[in-house]
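In what follows, a single structure is set out as structure tokens and then discussed.
Just so you know, residue 1 is the first one in the sequence shown, and it goes up from there. It should be emphasised that the depicted structure is a prediction, and the values quoted were computed from it without experimental measurement. Counting starts at 1 for both ligands and their atoms, in listed order.
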Amino acid sequence: MRASVIQIAVNEDESVEARRRRVAASVREQAGADLVVLPELWTTGAFAYEEFGREAEPLEGPTYEAMAKAASDAGVWLHAGSIPERDPDGPLYNTSLVFSPSGDLAAAYRKIHRFGFDKGEAVLMGAGAELVTVRLPETTLGLSTCYDLRFPELYRGLVDAGAETLVVSAGWPERRRSHWTLLAQARAVENQAFVVACGTAGTHAGVPQAGHSIVVDPWGEVLARAGAGEEVLAVEFDPGKAAATREQFPALKDRMLGLQPPRRP
Ligand SMILES: NC(=O)CCC(=O)C(=O)O
């Protein structure tokens, strides 16, 4: 299976429309790949909180249109990263879109864990409530977004739903780059799954981005790693390795569910 991870630079000197055109062109250049992955909130930047409301789109808005067309032009499965979605009946959501090679929407995932504690995304956006998997011919994707990476139970839920390739679409800051790499490898090892983690480059809202998108195999080996700048990370892997690893080293079968909390003295 061939995957292209497009690590986009999100800088404020480029308009959203210009970036949308540039990203669509980059997706088209990936014809021949099976899966293309984009980062979180690449229209605005994940930390450009003031832009969320201004640039929010309905689900089937301009980014949806451009990415659906790019997916069908290239004939690839496209995880188009996430958009600030304006739900007509509710709040904003940080919503990832996945398109099939014919340009049809295969899945939409509303980010479950919002970043910012008592500000930023955590107060500006609503929380998703549903795990999302997508069946591709070669593997089943489990979807997640950025801060979700810190919550292992989400990935266990995705594994229980059949995921063998965990996609993380992110706008992770440089300041916590070591966490990004460590957690991507941890999620791969503990879930015996591929992790395809795509971040942003550049600086927006004064927050330098980590870049360093990474693809990890179910044994925790790093198959490919990007640098700090804009880059397309192309990687080929055998998706069957997830099932093989789970069979040869069946640690997932030893999970002890429903543990009791410690008894109070
Ligand atoms: N956009 C995000 O979710 C940022 C997450 C982050 O900075 C962190 O977990 O650290």
Side-chain angles (χ1 to χ4, degrees), residues 5-12 16 19 23 37-57 63 79-86 91-97 108-132 142-158 166-188 190-191 195-214 216 225-226 228 230:
V5 175
I6 306 184
Q7 179 170 290
I8 299 163
V10 180
N11 291 305
E12 279 136 4
V16 168
R19 185 150 54 247
V23 170
V37 180
L38 305 182
E40 178 189 29
L41 295 176
W42 54 266
T43 56
T44 56
F47 288 87
Y49 303 136
E50 287 175 12
E51 301 302 314
F52 291 173
R54 262 202 291 272
E55 297 295 341
E57 313 174 24
T63 304
H79 183 307
S82 69
I83 57 165
E85 179 205 353
R86 187 180 296 288
L92 304 182
Y93 290 99
N94 184 341
T95 304
S96 293
L97 305 171
Y109 164 65
R110 287 175 167 169
K111 184 178 182 181
I112 292 175
H113 301 96
R114 297 155 300 162
F115 184 67
F117 310 113
D118 56 358
K119 53 184 193 308
E121 182 189 20
V123 294
L124 295 170
M125 297 213 175
E130 280 174 33
L131 296 176
V132 177
L143 307 190
S144 64
T145 308
C146 206
Y147 188 48
D148 282 337
L149 188 59
R150 294 186 182 273
F151 299 88
E153 61 277 14
L154 179 144
Y155 296 89
R156 278 291 152 91
L158 291 170
L166 304 168
V167 178
V168 190
S169 174
W172 200 276
E174 168 60 19
R175 188 151 183 266
R176 293 183 288 281
R177 171 150 63 94
S178 60
H179 298 192
W180 165 251
T181 309
L182 186 67
L183 290 169
Q185 284 188 266
R187 296 294 88 88
E190 74 196 357
N191 295 298
V195 168
V196 178
C198 178
T200 46
T203 296
H204 64 268
V207 182
Q209 295 294 288
H212 289 81
S213 296
I214 188 168
V216 190
R225 189 196 310 259
E230 185 156 294

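Between T44 and E55, the side chains place no donor N or O within less than 3.5 Å of an acceptor N or O (distance only, hydrogens not considered).
Considering E130, E85, E40 in turn, E40 is the only one that fulfils the salt bridge (charged side-chain N to carboxylate O under 4.0 Å, His left out) rule with K111.
With sequence neighbours excluded, the residues that form a ring pair (Phe, Tyr, Trp, His ring centres under 6.0 Å) with H113 are F151. For A9, the side chain to side chain contact (heavy atoms under 4.5 Å, CB included) test picks out N11, A201, E230, with sequence neighbours left out. In terms of the side chain to side chain donor-acceptor pair (under 3.5 Å) criterion, residue partners of E57 (sequence neighbours excluded) are, by chain and number, R20, T63.
Between W172 and W180, the ring-plane angle classifies as tilted under the 30° and 60° cut-offs.
The protein residues lying under 4.0 angstrom from ligand 1, judged by non-hydrogen atoms, are E40, A46, F47, K111, F115, C146, Y147, R150, G171, W172, P173, R176.
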